[in-house]
Amino acid sequence: GARRRARSLLARAGANARLLRVASGVASAFDRLGFERLRRCIPGLSLVPRHTSFPMPPAVTRPATPRLRVALLVGCVAHQMRPSITSSTRNVLHRNGVEVVLLPPDLCCGARDRHAGRSETAARAAAAVCSAVDEAGVDHLVTTAAGCGAAVRRYVELFPQDQPVSSIAHQVGRSSRDICELLVEIGLRPPDPRVPSERSVAYHDACHLLHGCGLARAPREILRAAGVRWIDLGENTICCGSAGVYNLLHPRTASELARRKVDLLIEKGVSDVAIGNIGCIMQFELALQRAGRADVRVWHPIELLDLSYS
């Protein structure tokens, strides 16, 4: 019906960088006027995180003696909704001797279009990413959002083998690394001096990171390196309700799943939670706000590592 069509439109808007910028600006205006609780009740605006302002890092960051050269897919959603993830990733990679080429922030991986069944649109987005990575001449494509990472690893499925882009898609998929995965793989330089943090952080596995990319150890290694006291949230194999565009198409069920995560956080008695996916971060923040627990902070593991360096 009309309600489902409206939700589908919202899901499509979620992959449009220009509309995301507008949504972020409108949400910020609500929050600054003290109307965040009201804004959290408006479809589309409810998932936008609290306003944060971060300058865009330089397009290319080159350490004195680079160990690697990587392209960073900032993610259209992650960059507009949580720019601190991009900033922290750039900072941490620089500290670990990795040269970073930022891909254009409006470059979408195509995951949301693919989730919504728009394969042709997803293939066009994938082709644009493959072209940008190919031109950058890098060792790896780095992602910070689990949804993007899982999508990139399956790019080759979007193209017939006789298309020239198919071989590039295969290469890009093989070179793709989640930020936590890359840092563990190259040997993370530990923060110095290492002062143990009093912060107690619960870690939740994003479904796309755990099931789509097969990554469980790497993000936990990053938290360990950050010096925080971390514990598993529990029920980590169960979705928080974000699931690509599921929370836009089925908000009631998604809200119930997220509420269970809030209950687990309250049971654990922690004031912070870390998750390696922007969609899950937004889902958790919304659920915490609705439960009156906006004091619980939601982080990407790379943000906590960046804090420990600084």
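This chain uses plain numbering: 1 for the first residue, then up along the sequence. Just so it is clear, the model here is predicted, and its values are computed rather than measured.
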| remark: CD1 (Ile302) and CZ (Arg90) are apart, to the nearest 0.5 Å, by 13.0 Å

| query | CZ/Phe284 to OG/Ser242 distance, rounded to the nearest 0.5 angstrom? | reply | 10.0 Å

| message | Has Arg67 got a side-chain atom pairing as donor or acceptor with Ile186's backbone, closer than 3.5 angstrom? | response | yes

| said: So that I can tick it off, tell me whether Arg217 and Glu185 are bridged by a salt bridge, with the cut-off set at under 4.0 angstrom between side-chain N and carboxylate O. | reply: no

| task | Assess whether salt bridge (charged side-chain N to carboxylate O under 4.0 Å, His left out) is satisfied between Arg82 and Glu303, documenting all intermediate values. | result | CA-CA 11 Å; Arg82 186 82 169 223; Glu303 293 176 301; 2.9 Å; yes

| said: Testing the 3.5 Å rule here: is there a donor-acceptor pair between the side chains of Asp113 and Thr121? | reply: no

| Between Tyr309 and Asn96, does any side-chain donor sit less than 3.5 Å from a side-chain acceptor? | yes

| Do Ile179 and Ile222 touch side chain to side chain, with heavy atoms closer than 4.5 Å? | no

| request: Determine, stepwise, if the pair Arg297 / Ser271 fulfils side-chain contact (heavy atoms from CB on, under 4.5 Å). | output: CA-CA 6 Å; Arg297 292 166 294 183; Ser271 58; 4.3 Å; yes

| message | Using side-chain heavy atoms (C-beta onward) and a distance below 4.5 Å, is Leu215 in contact with Leu210? | response | no

| message | Quick check against the 3.5 Å criterion: does His300 have a side-chain atom that pairs as donor or acceptor with the backbone of Thr144? | response | yes

Side chains of residues 162-169: which donor-acceptor pairs under 3.5 Å do they make with residues two or more places apart or in other chains?
residue	atom	partner	partner atom	Å
Ser167	OG	Pro164	O	3.2

| query | To the nearest 0.5 Å, how far apart are CG in Leu182 and NE2 in His140? | reply | 6.0 Å

| query | For the atom pair CD (Glu120) and CZ (Arg114), what is the distance rounded to the nearest 0.5 Å? | reply | 13.5 Å

| request: Enter the distance from Leu141:CG to Arg177:CZ here, rounded to the nearest 0.5 Å. | output: 10.0 Å

| field | Check ion pair Lys261-Asp263 (N to O, under 4.0 angstrom) | value | no

| If only atom types and distance count, is the side chain of Arg220 paired as donor or acceptor with the main-chain N or O of Ala216 below 3.5 Å? | yes

| field | Straight-line distance of Asn91 CG to Ser87 OG, nearest 0.5 Å | value | 4.5 Å

| message | Quick one, Pro104 and Leu107 - any side-chain contact, counting heavy atoms below 4.5 Å? | response | yes

| said: Tell me if a side-chain donor or acceptor on Asn277 pairs with a main-chain N or O of Gly147 at a distance below 3.5 Å. | reply: yes

